[in-house]
Student: 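Can you read through this structure? Questions will come right after.
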Protein chains: 2
Amino acid sequence: MARSRQTKQKAAVLAAVRRAPHHPDAKWVYEEVSREIPNISLGTVYRVLAALSAEGLIRECRQADGPSLYDANTHEHLHIRCTRCGRIEDVPPVQLPDELLEAVRKASAFAKVEEVRLEFGGICPSCAGIVQV
Amino acid sequence: MARSRQTKQKAAVLAAVRRAPHHPDAKWVYEEVSREIPNISLGTVYRVLAALSAEGLIRECRQADGPSLYDANTHEHLHIRCTRCGRIEDVPPVQLPDELLEAVRKASAFAKVEEVRLEFGGICPSCAGIVQV
DNA sequence: TTCCATGCAAACGGTTTGCAATTCT
DNA sequence: AGAATTGCAAACCGTTTGCATGGAA
């Protein structure tokens, strides 16, 4: 059933995501890993990131605008996104009241609400400090 | 200060979005309007959709995967998305408890939580009826 | 007559993929 | 040996843009 192999690319990508100062995108990871493995390709970075996500070692945060960001924090948590620079920061999970979900289920024709996607937005400290509106 | 002009393309695009059975994407609108205005271009559809959004006549729902969907419902509301077919349906807005937002603000370094992005997922009735897991 | 809107096609950004060569196991 | 993984480059998809033409005001 085709075991996944251990390669230096995979190790380097995982290490890069883990040491990233913020949730990095594929390009950042690529540039970072390139210093170690100069001829690694972007395609490989994407494939490895997908593999690591599938194995549950990292999480992919797909964004409506801009590239996917990768998150080495595998604990349950939510995200707050800077509306200026797009940076994403972790926040602890919150529990939505059950009656709220029940209201949504009733209002829709859907039999069950299986997913709740909750994300926050604001201005991150560094954007707030540097730019004025 | 450069008024926006009235064109048949604009009228046709707005009408198409309004009569769409589900929140349509640009391609659907393009195909629909093409029956009326055979030589309309996809680029124009995108430009008109953007203009209508800016004027507040429709809303654009950017999606992390898949194309933007356009929504003729300008009342405040939320969305539930079918995890199978990607269709989006409207649900009434819900109010998150203030103390929940306050908790998020405190947990993050952000000074203010300005946006709350809340979206639900499930299996839509027609997918539920046709496919079994 | 002005200048915004259109059609066309090329470019874009992020991501995926086909293929032959490589490298784990 | 054999299969998974890599590097490379081309393709992909949704969307945007530059430019010359057309049409609303």
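Just so it is clear, the structure is predicted and the values come from calculations on it, not from any experiment. So that the names make sense, note that chain A is the first sequence line, chain B the second, and so on, each numbered from 1.
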Student: Return the residues of residues 28-41 of chain B meeting this criterion: a heavy atom under 4.0 Å from some atom of DNA chain C. Order them by number, or give none.
Tutor: B/N39, B/I40, B/S41
Student: Under a 3.5 Å cutoff, is there a donor and acceptor pairing between the side chains of A/Q9 and A/T44?
Tutor: no
Student: Scan side-chain atoms only and decide if B/D71 and B/H77 contain a donor-acceptor pair under the 3.5 Å cut-off.
Tutor: yes
Student: Do the charged groups of A/R117 and A/E119 touch, with an N to O distance under 4.0 Å?
Tutor: no
Student: Could you tell me whether the side chain of B/V104 reaches within less than 4.5 Å of the side chain of A/L78, counting heavy atoms only?
Tutor: no
Student: Within this structure, what is the NZ-to-C1' distance between B/K10 and C/dT6, rounded to whole angstrom?
Tutor: 11 Å
Student: Is it true that the side chains of A/E89 and B/S108 contain a donor and an acceptor less than 3.5 Å apart?
Tutor: no
Student: Judged by modelled atom types alone, do A/H23 and A/N73 share a side-chain donor-acceptor pair under 3.5 Å?
Tutor: no
Student: Under 4.5 Å between any side-chain heavy atoms of A/L14 and A/R18, yes or no?
Tutor: yes
Student: Salt bridge or not between B/R81 and B/D65? Use side-chain N to carboxylate O under 4.0 Å.
Tutor: yes
Student: For nucleotides 15-25 of chain C, give me one character per nucleotide, 5' to 3': B if any protein heavy atom sits under 4.0 Å from the base, S if the only such contacts are to the sugar-phosphate, - if neither.
Tutor: BBBB----BBS
Student: Once you build an axis from the first five pairs and another from the last five of the helix from C/dT1-D/dA25 to C/dT25-D/dA1, how far apart in angle are they, to 10 degrees?
Tutor: 30°
Student: Does a sphere of radius 6.0 Å around CZ in B/R19 hold more than 12 heavy atoms from other residues, nucleotides or ligands, not counting ones at 6.0 Å or beyond?
Tutor: yes
Student: Less than 4.5 Å apart, side chain to side chain, heavy atoms only: is that true for A/R87 and A/S126?
Tutor: yes
